[in-house]
A.B. asks: 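Provided herewith is a single structure, encoded as structure tokens, for subsequent inquiry.
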Number of protein chains: 2
Amino acid sequence: MNNPCGQHQHPHRLIQQPLDELTDRLRRHSRRVTGPRQAILDVLRRHQTPMSNRDIHAALGQGCDLATVYRNLHTLEGVGLVRRFDLGDGAARFELVTPEDDGHHHHLVCTRCSLVVEIDDCFPPEFEQSLAQRHRFARISHRLEFFGVCSRCEAGESRPGPVEA
Amino acid sequence: MNNPCGQHQHPHRLIQQPLDELTDRLRRHSRRVTGPRQAILDVLRRHQTPMSNRDIHAALGQGCDLATVYRNLHTLEGVGLVRRFDLGDGAARFELVTPEDDGHHHHLVCTRCSLVVEIDDCFPPEFEQSLAQRHRFARISHRLEFFGVCSRCEAGESRPGPVEA
DNA sequence: CGGTTCTTGCAACCCGTTTGCAATCATGTG
DNA sequence: CACATGATTGCAAACGGGTTGCAAGAACCG
């Protein structure tokens, strides 16, 4: 993988975590292991790209209420099992986080068909640190997403729906 | 200004553009110069940090309907007079764009008091280009914003309201 | 000045998300 | 292993940002 500007890379979750391991992590945070939670974690386990609340609810097929999905994703995020992403279309997306990985990575989104590619590289941490120092900001972090048109869409074969203007 | 990683900088609007110049640009795009539009441009002229539709509407003080603000910011964005930013709190923000500058820059946002600092540096374009090539994406762009806690909030003196979780 | 076309205000509406409430369930304890 | 208890769920109503249909009201062209 190319590495312009010497940026570091975030090795991230390609391995599927066992469901038990996930629910154990819930228990460790004194959260109850309920049907909806297991179902949600199971759905996320099987997906490599970020899913919206609606996506998850749909994948659950009437398994639980949409409000429950929302509430649980908050909970899971708070506990660190899941990471929230904002791909610019007004709906939050979530991905499972592995214990080794903090889930920090970015995405390349096709503005035509919504295809999402996981991106592991990023600019070097010194960049951010320098910014923090210059402006006297503490606990700095960033949000970075890329947008473009994938080769298929560029070739003319649009498929699903667009993401943002 | 520091420049880690040799990233380039976007010199951006610090000069206040005359209102006439702005409305001229409207005319050039065959858009009518109406009261609400002048008022909105005038409000944006006087502000250096991004404003939400609500902010602008409030600053106009019953000057025009909120729906009109929304519609006009779309129009202004389409014409290139204004640039839209997403600071992660679910409300679009806008900044005036100067003719020389494309408005591409980023922000550093305090998650406690919502203070926004304009950031002029960015990673080098080769980074993005390399990404595009590797993944066969065309017309690539990015969205990058930084979050942290400003020195004042870190020191304990919170003022307004928070931005994101 | 008058007509044509773009804009505006208003109100209803859309969509993602949150919340109050009563019923239900997971879990620690005895 | 049954219970008590507090966390969790489902449902429906509410919320906030943003959009839209429509009729009235301007800009602008000639």
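What you see is a predicted model, and the numbers here were worked out from it, not measured in a lab. Just so we're on the same page: letters track the sequence lines, and every chain starts at 1.
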A.B. asks: Closer than 4.0 angstrom, basic N to acidic O: yes or no for Glu154(A) and Arg136(B)?
C.D. replies: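 Result for this pair is no, no salt bridge flagged.
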A.B. asks: Please work out whether the ring planes of Phe146(A) and Phe127(B) are parallel, tilted or perpendicular, with thresholds of 30° and 60°.
C.D. replies: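 Phe146(A) vs Phe127(B) ring planes: perpendicular.
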A.B. asks: Mapping Ser30(A) and Thr34(B) to their closest nucleotides on DNA chain D, which lands nearer the 5' end?
C.D. replies: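 By nearest-heavy-atom nucleotide position, the 5'-most residue is Ser30(A).
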A.B. asks: Give a yes/no answer on whether the side chain of Tyr70(B) brings an N or O atom under 4.0 Å of OP1 or OP2 in dT19(D).
C.D. replies: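 Negative; the distance criterion is not met.
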A.B. asks: Once you round it to whole Å, what is the distance between P of dA12(C) and CG of Asp65(B)?
C.D. replies: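 Computing the Asp65(B):CG to dA12(C):P distance gives 13 Å.
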A.B. asks: Take the protein atom CD of Gln38(B) and the nucleotide atom C1' of dC28(D), then report the distance between them rounded to whole Å.
C.D. replies: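 The answer, rounded to whole Å, is 14 Å.
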A.B. asks: Are any non-hydrogen side-chain atoms of Leu22(A) and Leu96(A) less than 4.5 angstrom apart?
C.D. replies: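 Side-chain contact under 4.5 Å: yes.
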A.B. asks: Please state whether the phosphate of dC28(D), meaning OP1 or OP2, lies under 4.0 angstrom from any side-chain nitrogen or oxygen of Arg27(B).
C.D. replies: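 Indeed, a polar side-chain atom of Arg27(B) lies that close.
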A.B. asks: Going by atom types only, do Thr75(B) and Arg71(B) share a side-chain donor-acceptor pair under 3.5 Å?
C.D. replies: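 Distance-only check fails for Thr75(B) and Arg71(B).
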A.B. asks: Within this structure, what is the CZ-to-P distance between Arg71(B) and dG17(D), rounded to whole angstrom?
C.D. replies: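 The answer, rounded to whole Å, is 18 Å.
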A.B. asks: Measure the distance from CG on Asp89(A) to C1' on dC15(C) and round it to the nearest whole Å.
C.D. replies: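 Answer to the nearest Å: 12 Å.
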A.B. asks: Rounded to the nearest Å, what distance is computed from the NE2 atom of residue His29(A) to the P atom of nucleotide dT27(C)?
C.D. replies: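 Distance check: His29(A) NE2 to dT27(C) P gives 15 Å.
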A.B. asks: Using heavy atoms to find the nearest nucleotide of DNA chain D for Arg31(B) and Ser52(B) separately, return the residue whose nucleotide is more 5′.
C.D. replies: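 The residue mapped nearer the 5' terminus is Ser52(B).
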A.B. asks: Does a side-chain N or O of Asn53(A) approach OP1 or OP2 of dT17(C) to a distance below 4.0 Å, or not?
C.D. replies: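 Yes.
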A.B. asks: Rounded to whole Å, how long is the line connecting atom CZ of Arg32(B) with atom P of dT7(C)?
C.D. replies: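 Between P of dT7(C) and CZ of Arg32(B): 6 Å.
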A.B. asks: Closer than 4.0 Å, any side-chain N/O of Thr68(B) to the OP1 or OP2 of dG9(C)?
C.D. replies: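 Checking Thr68(B) against dG9(C): at least one side-chain N or O falls below 4.0 Å of OP1 or OP2.
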A.B. asks: For Ala91(A), which contact category applies under a 4.0 Å heavy-atom criterion: base, sugar-phosphate, or nothing?
C.D. replies: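 Contact class for Ala91(A): sugar-phosphate only.
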A.B. asks: Determine the minimum heavy-atom distance between Val97(B) and Asp102(B), stating which atoms define it.
C.D. replies: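 In this case the closest contact between Val97(B) and Asp102(B) is CG1-C, 4.0 Å.
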A.B. asks: Take atom NE2 of His57(A) and atom C1' of dT9(D), then tell me their distance rounded to the nearest Å.
C.D. replies: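 Atom-to-atom, His57(A) to dT9(D), this comes out as 12 Å.
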A.B. asks: Just to confirm, is there a sub-4.0 Å distance from OP1 or OP2 of dT19(D) to any side-chain nitrogen or oxygen of His74(B)?
C.D. replies: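 Result: yes.
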A.B. asks: Mind calculating the distance between CG (Asp86(B)) and P (dG16(C)) to the nearest angstrom?
C.D. replies: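 These atoms are roughly 16 Å apart.
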